[in-house]
Amino acid sequence: MKQKVLVLFLAVITLGLTSCNSNDDETGIVIDGIDLSQDVDCCSAEEALQVYRFIQTVKIIPELSTEVDGKYEVWAYTKTGTLHKGYNDLYFVVTKKKTGNYVKFFDIKNITPLMNMVKMNMWHSTPVGGSVEVFDTTRPAVKHGWVSLLMNTSEAGSWQFSYDLEVLGSKGGVQNKVINVEALPEGQDWLKSFKVGDETFYLSLVNPTDFKTGTNTIQAYISKKNTPATTPYALAAEKFTIEIDPRMPDMGNHTSPDNTPLTKQKDGSYSGNINLTMTGLWRIHLTVKDSKGNFVAGGDDLKDGFSSLYWDVTL
Ligand SMILES: [Cu+2]
């Protein structure tokens with residue numbers, strides 16, 4: 001027994017020494033001033049390289065990037081470096097100012113987009129993903145969250161964005177930063193709402209720009225409007241089913257075979273299959289049912305024989 005404890009003790013000491021040494025490793029890989037050698041607050045050199053590679057595929061949003069305690073830099077990214085109406089993936093990376101090394105121990109909370117509707121003199125928030133988490137274990141220093149913005153910036157109003165951040169005991173974040181939200185191009189409409197009694201629900205279609213001709217996984221979130229409306233809208237606890245009927249309005253409203261409804265997944269998202277047989281405008285008519293199969297939205301509201309609740313996607 002004593003021997004076992006001793007072995008364990010030695011193992012802990014050795015581990016401790018190894019990680020201390022690697023922190024001062026001067027033989028590491030440095031790319032663009034970022035030291036990819038192992039860091040106790042981050043990852044192995046290989047994992048750091050994966051983070052580096054990932055951030056080459058996204059672009060910084062300067063308004064949402066910040067500094068904490070003069071020690072850390074926080075970088076916020078989207079695919080395009082901009083935000084648009086509807087669903088947007090957000091990624092966060094924290095680096096040490098001194099070394100440029102990534103840090104994996106950080107938390108981002110309370111993501112709060114707020115829109116000021118100038119003419120109506122009111123404020124509202126928007127659907128926001130539950131929590132910001134590591135989105136891929138091969139890149140432990142990249143955190144992912146999402147927002148689905150109800151409207152684009154226009155004469156009707158503008159958006160502000162806030163979030164809180166904690167990194168290795170230091171606190172920071174971004175408060176009321178004005179952000180621009182771009183409109184979607186014509187033929188794209190990825191965010192719809194429906195009402196059940198007094199409650200308003202939002203249907204956010206996830207990343208339809210990833211769709212290709214043929215069969216695709218189709219993913220969405222259903223969020224519920226909060227009271228007060230300035231509190232971000234969380235995922236709806238209800239379990240719905242979203243039936244889809246994709247049609248091409250410019251081609252005699254023909255449909256496609258082998259589409260399957262979006263059903264609720266363990267992670268709170270909705271997922272199904274959509275078959276987009278050709279390029280062009282697809283109007284994805286939606287029928288929402290509750291857990292007992294009763295029509296909730298889209299079904300009893302047929303326009304030209306199709307549900308008037310729909311997403312538009314142009315491929
Ligand atoms: Cu608004």
Side-chain angles (χ1 to χ4, degrees), residues 54 56-59 77-91 127 129 135-136 144 146-152 181-194 201-223 240-265 267-289 293 295-315:
F54 173 75
Q56 308 310 306
T57 68
V58 288
K59 294 202 172 90
Y77 304 86
T78 60
K79 206 179 260 180
T80 56
T82 57
L83 292 153
H84 57 72
K85 187 187 167 184
Y87 180 94
N88 293 261
D89 281 311
L90 292 174
Y91 302 98
F135 90 110
D136 176 343
H144 169 255
W146 60 266
V147 293
S148 185
L149 299 157
L150 292 186
M151 306 171 70
N152 52 278
V181 177
E182 293 174 355
L184 288 174
E186 203 164 315
Q188 307 282 10
D189 199 354
W190 306 335
L191 177 64
K192 283 294 165 76
S193 65
F194 62 90
F201 295 87
Y202 294 95
L203 288 156
S204 303
L205 176 60
V206 175
N207 297 338
T209 48
D210 293 343
F211 286 159
K212 298 191 167 56
T213 46
T215 298
N216 296 270
T217 299
I218 178 168
Q219 201 194 359
Y221 286 99
I222 301 183
S223 313
F240 297 109
T241 302
I242 311 166
E243 292 175 359
I244 52 172
D245 182 16
R247 300 272 166 176
M248 294 198 85
D250 302 332
M251 300 190 71
N253 271 318
H254 76 78
T255 183
S256 64
D258 305 326
N259 297 290
T260 63
L262 286 78
T263 54
K264 198 169 190 179
Q265 310 296 305
D267 66 359
S269 70
Y270 284 79
S271 184
N273 290 309
I274 188 164
N275 184 10
L276 304 169
T277 47
M278 55 195 296
T279 55
L281 168 66
W282 286 91
R283 183 156 285 177
I284 308 166
H285 297 273
L286 308 172
T287 301
V288 183
K289 291 181 176 172
F295 285 105
V296 167
D300 50 0
D301 185 21
L302 297 182
K303 199 172 120 194
D304 310 327
F306 304 113
S307 166
S308 60
L309 184 65
Y310 56 81
W311 293 310
D312 275 346
V313 173
T314 301
L315 211 63

Closest non-hydrogen atom pair between [X] and [Y], with its separation:
X	Y	value
Leu90	Thr78	CD2-CG2, 3.8 Å
Phe211	Leu205	CZ-CD1, 4.4 Å
Leu184	His84	CD2-ND1, 3.7 Å
Thr82	Asn88	O-OD1, 4.2 Å

What is the distance from atom [atom1] of [X] to atom [atom2] of [Y], rounded to the nearest 0.5 Å?
X	Y	atom1	atom2	answer
Phe194	Phe240	CZ	CZ	4.5 Å
Thr241	Ile244	OG1	CD1	12.0 Å
Ile218	Ser271	CD1	OG	9.0 Å
Leu262	Lys264	CG	NZ	13.0 Å
Arg247	Asp250	CZ	CG	14.0 Å

With a cut-off of 6.0 Å (strictly less than), are more than 12 heavy atoms of other residues, nucleotides or ligands near CD of Glu186?
no
Mark yes or no: Lys289 above the aromatic ring of Phe295, with NZ or CZ under 6.0 Å from the six-membered ring centre and no more than 45 degrees from the axis.
yes
Where do Asp89 and Asn207 land on the side-chain hydrogen bond (donor to acceptor under 3.5 Å, both in side chains) test, with the steps shown first?
CA-CA 8 Å; Asp89 281 311; Asn207 297 338; 2.7 Å; yes
If you define the side chain from C-beta out and look only at heavy atoms, does anything of Asp245 sit under 4.5 Å from Ser307?
no
With a 4.5 Å limit on heavy-atom distance, are the side chains of Leu150 and Leu191 in contact?
yes
So which of Thr263, Leu203, Thr287 actually passes side-chain contact (heavy atoms from CB on, under 4.5 Å) with Ile242?
Leu203
Can you classify the ring geometry of His144 versus Tyr91 as parallel (below 30°), tilted (30 to 60°) or perpendicular (above 60°)?
tilted
Run the ring-ring contact (aromatic ring centres under 6.0 Å, His included) test against Trp146 and tell me which residues pass, sequence neighbours left out.
Tyr87, Tyr221
